[in-house]
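Let me begin by presenting the structure, written as structure tokens, before commenting on it.
No hydrogens, no waters, no symmetry mates; every other heavy atom, side chains included, goes into these values.
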Amino acid sequence: TIYGVCKHSLQTLFDRYTSEVELSSAWARLFFIYGPHEEPSRLVASVIRSLLRGEPALCSHGKQIRDYIYIKDVANALITLLESKVTGPVNIGSGQPIALKEIINTIAKKLNLENLVQLGALPAAKNDTPLITADVNRLYEEVGWQPSYDLNQGIDESISWWKEQIKLEKN
């Protein structure tokens, strides 16, 4: 995608610059982040917000496979990377590919609102890639970091946070 080309170009420029000024550098490649403070239109936040409001969660077919990682794990991984001597690109992901429909259904089950999920109600994007997952070998082996949160914990915290936000919106 153009987005991917732009990110890669920026990484190339950054690598060149740090090499010329003799600085070490690492380039964190963040995968699919979710959690509190997430943009409301993103998948996890959107599904949680719709269901908490008693509205249908309109989704695509949900067969796309992605590498989602909880925001607190992202923050911890970035700190660990910064404190390490690792240089170059490092993927920050969970290393646990999951179908979007599994994430959506997990949220719905936790809220006991499975009847409001509408998989297939929205078309998948024309340029939608079926599989995007992080190769986390450098993160695990060289940086020495692994996630602390699993999907259930991250979704529980996300639901709790969004419940508070919706309560505040009503007041």
Assess the side chains of [X] and [Y]: does a donor N or O sit below 3.5 Å from an acceptor N or O?
{"X": "Q165", "Y": "R49", "value": "no"}
{"X": "E164", "Y": "S160", "value": "no"}
{"X": "D135", "Y": "N137", "value": "yes"}

**Study point:** Derivation and outcome, salt bridge (Lys or Arg N to Asp or Glu O under 4.0 Å), residues D128 and R66
**Key:** CA-CA 11 Å; D128 203 6; R66 301 290 185 262; 2.6 Å; yes

4.5 Å side-chain heavy-atom contact, [X] and [Y]:
{"X": "Y68", "Y": "V44", "value": "yes"}
{"X": "P36", "Y": "I71", "value": "yes"}
{"X": "Y140", "Y": "P147", "value": "yes"}
{"X": "T129", "Y": "Q64", "value": "no"}
{"X": "P40", "Y": "W162", "value": "yes"}
{"X": "K110", "Y": "N152", "value": "yes"}
{"X": "L51", "Y": "E114", "value": "no"}
{"X": "L43", "Y": "I104", "value": "yes"}

Could [X] and [Y] be called an ion pair, given the rule that one side-chain N must be under 4.0 Å from one carboxylate O?
{"X": "E142", "Y": "K85", "value": "no"}
{"X": "R42", "Y": "E39", "value": "no"}
{"X": "E102", "Y": "K63", "value": "no"}

Practice item. Measure centre to centre between the rings of Y34 and Y70, then say whether the value is under 6.0 Å. Key: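 That pair passes the under 6.0 Å test.
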
Can you name the closest pair of heavy atoms from [X] and [Y] and give their distance?
{"X": "V86", "Y": "A26", "value": "O-CB, 3.6 Å"}
{"X": "T18", "Y": "S25", "value": "OG1-OG, 3.1 Å"}
{"X": "S24", "Y": "T87", "value": "CB-CG2, 3.9 Å"}
{"X": "A57", "Y": "V47", "value": "CB-CG1, 4.2 Å"}
{"X": "S148", "Y": "D73", "value": "N-OD1, 2.9 Å"}
{"X": "I132", "Y": "F32", "value": "CG2-CE1, 3.6 Å"}

Pairwise distance [atom1]([X]) to [atom2]([Y]) - rounded to 0.5 angstrom:
{"X": "Q11", "Y": "C6", "atom1": "CD", "atom2": "SG", "value": "13.5 Å"}
{"X": "N91", "Y": "L30", "atom1": "CG", "atom2": "CG", "value": "9.5 Å"}
{"X": "I166", "Y": "K163", "atom1": "CD1", "atom2": "NZ", "value": "10.0 Å"}
{"X": "L78", "Y": "E83", "atom1": "CG", "atom2": "CD", "value": "11.0 Å"}
{"X": "L23", "Y": "F14", "atom1": "CG", "atom2": "CZ", "value": "8.0 Å"}
{"X": "Q153", "Y": "S158", "atom1": "CD", "atom2": "OG", "value": "11.5 Å"}

Practice item. For side-chain contact (heavy atoms from CB on, under 4.5 Å), just list the numbers for E157 and Y149, CA-CA rounded to whole Å, side-chain angles, deciding distance to a tenth of an Å, and then say yes or no. Key: CA-CA 10 Å; E157 286 194 15; Y149 286 81; 3.3 Å; yes

Review point. Is R138 reaching over with its side chain to a backbone N or O of P89, donor-acceptor style, under 3.5 angstrom?
Key: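 Looks like yes, one N/O pair under 3.5 Å.
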
**Study point:** D67 side-chain N/O to G95 backbone N/O, donor-acceptor pair under 3.5 Å
**Key:**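 Yes, the answer is positive, given that a donor and an acceptor are paired below the 3.5 Å cut-off.
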
Point to revise | Residues R29, K7; criterion side-chain contact (heavy atoms from CB on, under 4.5 Å); working and verdict | key: CA-CA 9 Å; R29 292 178 176 162; K7 285 192 330 184; over 6 Å; no

Review point. Applying the 4.5 Å side-chain criterion to the ILVMFWY set and letting contacts propagate, would I103 and F31 be lumped into a single cluster?
Key: yes

Practice item. Give the cluster check for I33 versus W27: same hydrophobic cluster or not, with ILVMFWY residues linked at side-chain heavy-atom distances below 4.5 Å. Key: no

Check your understanding: What do the steps show when you test N76 against W145 for side chain to side chain donor-acceptor pair (under 3.5 Å), and what is the final call?
Key -> CA-CA 9 Å; N76 186 269; W145 182 89; 2.5 Å; yes

Exercise for review: Take L113 and L116, measure what side-chain contact (heavy atoms from CB on, under 4.5 Å) needs, and give me the verdict at the end.
Suggested key: CA-CA 6 Å; L113 292 169; L116 289 178; 4.2 Å; yes

Practice item. List in chain and number order the residues that pass salt bridge (charged side-chain N to carboxylate O under 4.0 Å, His left out) with E20, two or more places apart in sequence or in another chain; answer none if no residue qualifies. Key: R16

**Study point:** Residues I98, I65; criterion side-chain contact (heavy atoms from CB on, under 4.5 Å); working and verdict
**Key:** CA-CA 5 Å; I98 186 168; I65 297 173; 5.9 Å; no

